[in-house]
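What follows is one structure encoded as structure tokens, with my remarks underneath.
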Amino acid sequence: MKFTYYGHSCFLIDTGTHKLLFDPFITPNDKASEINIEAIEADYILVSHGHEDHVADLEGLANRTGASIISNFEIVSYFGAKGIDGHPMNHGGSASFPFGRVKMVNAIHSSVLPDGTYGGNPAGFVVQTKERCFYYAGDTALTYDMKLIPEMGFDLDFAILPIGDNFTMGPDEAVKAAEFIQCNNIIGVHFDTFGYIEIDHSAARRQFENQGNQLHLLEIGQSVQV
Ligand code: NI
Ligand code: MN
């Protein structure tokens, strides 16, 4: 499975058979100016919540690639009215797709679409494919609900956690989240994009190492096998 980072909380997971894009926000991100958005392919676009820094490029990418959205009912309905195909979900529900099974889980945050339309409740996703199981937390605070993920039998190979502080968890909470979800392979997102969320990379990595866990902070455009 290949993970490619497009900056902020936008990344692509290539399962080998399907391309899953998460929270597309590239063109407004100055730090991601090297990314050629026209070259991105996607079969599905998973959206954690309605904030602009998670949906800015959703419409354009969905229209060009023909990808379906997987998100909450409100976001899928909103883009559905623009002619974009989607699969609505809500917290606690799971659904099967050609690439595997997706469970929508709780996130502690807010959600409104860029034009002020109600964006439903923010969420995270647990994705179980034939080869891998992973968790994308979306934008969230640390929450005891994360403990339910391993308790429900998900054996995570890796997890994508927000780590930039201010609007989401910071490194202190993300270290604790890794413990709650029983996962030692963490990819950090939602950091350094703008002033409020700049972090000290080596200090954050050290905090994870002290716990026996690994924090990956990728360069924008970088791909890794996961
Ligand atoms: Ni947000
Ligand atoms: Mn955000």
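In each ligand, atom 1 is the first atom listed, and ligand 1 is the first ligand listed.
Judged by distance alone, the side chains of His190 and Asp139 do bring a donor and an acceptor atom under 3.5 Å apart. Remark: the Tyr6 side chain and the Asn29 side chain contain no N/O donor-acceptor pair separated by less than 3.5 Å.
The N, O or S atom of Asp139 lying closest to the Mn ion (ligand 2) is OD2. Taking the N/O/S atoms of His51 in turn, the shortest distance to the Ni ion (ligand 1) belongs to ND1. Distances from the Mn ion (ligand 2) to each N, O or S atom of Asp53 single out OD2 as the nearest. The Ni ion (ligand 1) sits nearest to atom OD2 when only the N, O or S atoms of Asp139 are considered.
For the salt bridge (charged side-chain N to carboxylate O under 4.0 Å, His left out) criterion with Asp14, the lone passing option out of Arg132, Lys19, Lys2 is Lys19.
Annotation: angle subtended at the Mn ion (ligand 2) by His54 NE2 and His190 NE2 is 110°, to 10°. Seen from the Ni ion (ligand 1), atom NE2 on His49 and atom NE2 on His109 lie at an angle near 100° (rounded to 10 degrees).
Counting backbone and side-chain atoms alike, Asp53 contributes no N/O/S atom closer than 2.8 Å to the Ni ion (ligand 1). Among the backbone and side-chain atoms of His54, none of the N, O or S atoms lies under 2.8 Å from the Ni ion (ligand 1).
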inquiry  = Run the side-chain contact (heavy atoms from CB on, under 4.5 Å) test on Phe22 and Ile13 for me, step by step, so that the C-alpha distance in whole Å, both residues' side-chain angles and the decisive distance to 0.1 Å come before the verdict.
reply    = CA-CA 8 Å; Phe22 290 75; Ile13 293 202; 4.2 Å; yes
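Side chain of Ser111 to backbone of Gly119: a donor-acceptor contact under 3.5 angstrom is found.
Of all the heavy atoms in Leu161 and Ala178, the pair that sits closest is CD1-N, 4.3 Å.
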